[in-house]
Amino acid sequence: MMLRLVVLLAASGVWAGMTQAAGSWIASAPALQVVMADRRMSSAAMLPPSPELARGQVMGRVGWQYQHAGGSEVNAWLCHAGDCVPLPGPRGQTDSLAGMPADTPIYFQFSLQDRRQRAVTLQGLQVIVNHESLQEPVPSNVKFDNRGNRQPREQEHVHSTRQD
C-alpha cells in the first residue's frame with residue numbers, strides 16, 4: 001500500500017514538490033590526525049549526497065559529531081568558506097549556519113589544546129544539515145555580505161550535548 005502511494009505521488013509530480021519543502025542531509029568525512037596546537041587541520045569537505053537535494057534550500061539547524069581518544073582534548077570548529085563556528089564539544093547542534101545555501105560545503109577544523117599533547121586521531125566526523133526552502137524567512141539576526149559570507153553574529157546559538 002505504501003509503495004503504491006509513493007509511486008502515485010512520484011508519477012503525479014507531487015513527490016518532487018514535497019521533497020523541496022524541507023529536509024536534511026547527512027555527510028561524513030574520513031578520520032583526521034591532529035598533530036599541532038598552533039596550526040588547524042581541516043577535514044575533507046562535506047556536501048549533500050546529491051546536488052538536487054539541497055538546491056534552492058537554506059540551512060537551518062546543523063548537528064555535528066566526532067570521536068577522539070578519551071582524555072585527549074582538541075579545539076574544534078565547524079566551517080564554510082567564509083567563517084568558522086567554535087564547537088564546545090564532540091557532539092551538538094548549532095543555528096549559526098542558518099540561512100546559508102544548503103549546498104555550501106562545510107568542514108571541520110581541529111587543533112590540539114596543548115603543545116605538549118601527543119597527536120590525536122579524530123574519527124566519526126559527521127554533520128546532519130537540516131534545510132528548508134528559500135521562501136522560508138531567514139532569522140532577523142542572520143546577515144550575509146554580497147558574496148554570501150555570513151557577517152559577524154549578534155547572537156550565536158550553539159548547543160553541545162557533551163557526554164563525558
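Note that this is a predicted model, so its numbers are computed, not measured.
- Note that the CD1 atom of Ile106 and the CE atom of Met100 stand 9.5 Å from one another [nearest 0.5 Å].
- No side-chain heavy atom of Pro48 sits under 4.5 Å from any side-chain heavy atom of His131.
- Interatomic distance, His68 NE2 to Gln123 CD, rounded to the nearest 0.5 Å: 11.0 Å.
- Using a 4.5 Å heavy-atom threshold, the side chains of Val120 and Phe110 count as separate.
- With sequence neighbours excluded, the residues forming a side chain to side chain donor-acceptor pair (under 3.5 Å) with Gln65 are Arg91, Gln126, listed by chain and number.
- Contact annotation: the side chain of Pro101 never approaches that of Gln57 to less than 4.5 Å [non-hydrogen atoms, C-beta and beyond].
- Among residues two or more places apart in sequence or in another chain, the side chain to side chain donor-acceptor pair (under 3.5 Å) test is passed with Arg118 by none.
- Proximity of Trp77 to Phe108: side-chain heavy atoms (C-beta onward) are nowhere separated by under 4.5 Å.
- Shortest non-hydrogen contact noted between Gln113 and Gln117 is N-OE1, 3.3 Å.
- With sequence neighbours excluded, the residues satisfying side chain to side chain donor-acceptor pair (under 3.5 Å) with Ser111 are Asn75.
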Less than 3.5 Å apart, which donor and acceptor atoms pair up between the side chains of residues 24-38 and the rest of the protein, not counting sequence neighbours?
| residue | atom | partner | partner atom | Å |
| --- | --- | --- | --- | --- |
| Trp25 | NE1 | Ala102 | O | 3.0 |
| Asp38 | OD2 | Arg115 | NH1 | 3.4 |

Intermediate values then yes/no, side-chain contact (heavy atoms from CB on, under 4.5 Å), Leu125 and Tyr107: CA-CA 9 Å; Leu125 285 68; Tyr107 56 96; over 6 Å; no
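- The same ILVMFWY cluster, assembled from side-chain heavy atoms under 4.5 Å apart, contains both Val129 and Leu53.
- Using a 4.5 Å cut-off on side-chain heavy atoms (C-beta onward), Thr104 and Met59 make contact.
- A heavy-atom distance below 4.5 Å is found between the side chains of Thr94 and Trp64.
- Following chains of ILVMFWY side-chain contacts shorter than 4.5 Å, one can reach Met46 starting from Leu122, so the two form part of one hydrophobic cluster.
- Taking Arg39 as the reference, nothing meets the salt bridge (charged side-chain N to carboxylate O under 4.0 Å, His left out) condition, with sequence neighbours excluded.
- Distance check: Leu78 CG to Gln93 CD gives 12.5 Å after rounding to the nearest 0.5 Å.
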Intermediate values then yes/no, side-chain contact (heavy atoms from CB on, under 4.5 Å), Ser43 and Gln109: CA-CA 6 Å; Ser43 74; Gln109 285 190 343; over 6 Å; no
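- With side-chain heavy atoms closer than 4.5 Å counting as contact, directly or through intermediates, Leu47 stands alone and belongs to no larger hydrophobic cluster.
- For the pair Asn130 (side chain) and Arg61 (backbone), a donor-acceptor distance under 3.5 Å is present.
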